[in-house]
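No hydrogens, no waters, no symmetry mates; every other heavy atom, side chains included, goes into these values. Remember, it's 1-based here, ligands and their atoms both numbered in the order they're listed. Small disclaimer: the values here were computed from a predicted structure and weren't measured.
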Amino acid sequence: MKNYLLTPGPTPVPPEALESMARPIIHHRTPQFQEILKEVEDNLKYVFQTTNPVLIFSSSGTGAMEGAVTSLLSPGDKAIVVRGGKFGERWGELCAAYGIEFIPVDVEWGKSVSPQEIKKILEAEGSRLKAVYVTLCETSTGVTTDIEALAKITKSSEAVLVVDAISALGAVPLKTDEWGIDVVVSGSQKGLMIPPGLAFVSLSEKAWKLAEESTLPKYYFNFKAYKKSIEKNDTPYTPAVNLIMALREVLKLIRKEGIDNLINRHRKNSKAVRDAVKALGLELFAPQAYSEAVTAVMVPEGVDGGKLVKTMRDKYGVAIAGGQSQLKGKIFRIATMGYITEDDLKKGFEVLEIVLAELGYKFEKSAGVKALERGLAS
Ligand SMILES: *Cc1c(COP(=O)(O)O)cnc(C)c1O
């Protein structure tokens, strides 16, 4: 059975990247590796749309999120945390772990935060408020946050805007320097199309100033050490050499496609998915603030959501994601990020229709697949 991966991370890996990881390993303190790192760094800046250094860590995305707390803040600092899903909650858990007092802005799951609400809190709090932690694509709910609007607000405050773009980078519009985003965190196994194991972060000048003053305890995720190294095409510790080789290959692919084409492809594919979902008579979980990286769909009445996901995966080889926490059994999620191709999506909807029918859901046969194909062809 061939397995199809339509989950919002890990995502399928292009053959160029897989092949590069099978090559003999090279030592990292060599001119050969430095050359690779330089190329990777230049292309990461292109994808992040920044001229600031992009730091590379051997960890999953959460490692860089942790660093974005410990490397920026000091005891006594205060933060705002936008919590509209599992990953927004993670920012709060990280702040709590390091004793950072934060103001939670709880957003109903499936909705996106109102920038005005953040503005009001920033104005009321003054200078002790050092950072606003948000999620660009809240993967657990399939919601996109209006980062451009938030950046306009934080720009005229003392606080830095810290964006979890782990699932959004390379899938959703994100103009780091142009919009004035201070900190962008990402990971390797979503839109960047390589296996899990690398995390990334970029910092604006304003964020580097905060990092210079930061006194929270830190060691492995000390951003200053990584900055010093990357400026010399080096890393402070042993990097994940083979993953960086794979990264080099996918970044070449992204450069060849061009960032605008890449974003447009995600826009088109995700719209086709939403059309297909509606054609099946299903409801989107986030009809207004939907994401181009992952689409969350309500499990219809009378269908067992867990069984839907499990049957698609175990009987037909198509992995989609279920709901997490409070959404367990209530939604399912189909990713459109990275190397998930049109053919993968077609296969996904064929199997979704078969399994929905098996589970007793009534709909017009082939309506989803046809709507998807129309959307993909447009
Ligand atoms: C996947 C994801 C994470 C977690 O990343 P790990 O690589 O699992 O540590 C964090 N935030 C968002 C929005 C994600 O999609």
More than 12 heavy atoms from other groups under 6.0 Å of [atom1] on [X]:
X      : atom1 : value
Glu364 : CD    : no
Lys119 : NZ    : no
Lys307 : NZ    : no

### Residues Lys86, Glu89; criterion salt bridge (Lys or Arg N to Asp or Glu O under 4.0 Å); working and verdict
CA-CA 5 Å; Lys86 219 175 147 46; Glu89 286 179 351; 5.7 Å; no
### Lys/Arg cation over aromatic Trp179: Lys152, 6.0 Å, 45° cone
no
### Query
To which protein heavy atom is atom 3 (C) of ligand 1 closest, and what is the distance rounded to 0.1 Å?
Phe87 CE2, 3.3 Å
#### Entry: Shortest protein contact, atom 15 (O) of ligand 1 (heavy atom only)
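Looking only at protein heavy atoms, the one closest to atom 15 (O) of ligand 1 is Thr139 OG1, 2.4 Å.
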#### Entry: ligand 1-proximal atoms of Thr62, by part, heavy-atom distance under 4.0 Å
both
#### Entry: Per-residue contact class, Cys137 against ligand 1 - non-hydrogen pairs under 4.0 Å
backbone
### Message
Keeping Thr11 on the side-chain end and Lys190 on the backbone end, is there a donor-acceptor pair under 3.5 Å?
### Response
yes
### Task
May I ask you to check if ligand 1 and Thr135 share an N or O to N or O distance below 3.5 Å?
no
### Query
Within the structure, does Ser60 bring an N/O atom to less than 3.5 angstrom of an N/O atom in ligand 1?
yes
### Task
Using heavy-atom distances, let me know which of Gln189, Lys86, Lys190 sits nearest atom 14 (C) of ligand 1.
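It is Lys190 whose heavy atom sits nearest to atom 14 (C) of ligand 1.
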### Task
Give the single entry among Arg90, Glu66, Met65 that approaches atom 4 (C) of ligand 1 most closely by any heavy atom.
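Nearest option to atom 4 (C) of ligand 1, by heavy atoms: Arg90.
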### Task
Heavy-atom contacts with Asp164 under 4.0 Å: which atoms of ligand 1 show up? List them by number with element.
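Checking each atom against Asp164, I get 10 (C), 11 (N), 12 (C), 13 (C).
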### Query
Side chains of Thr62 and Arg90: donor-acceptor distance under 3.5 Å anywhere?
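Arg90 and Thr62 do have a side-chain donor-acceptor pair below 3.5 Å.
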### Message
Would Gly9 count as a contact residue for ligand 1, given that I'm defining contact as a non-hydrogen atom of the residue lying under 4.0 Å from a ligand atom?
### Response
no
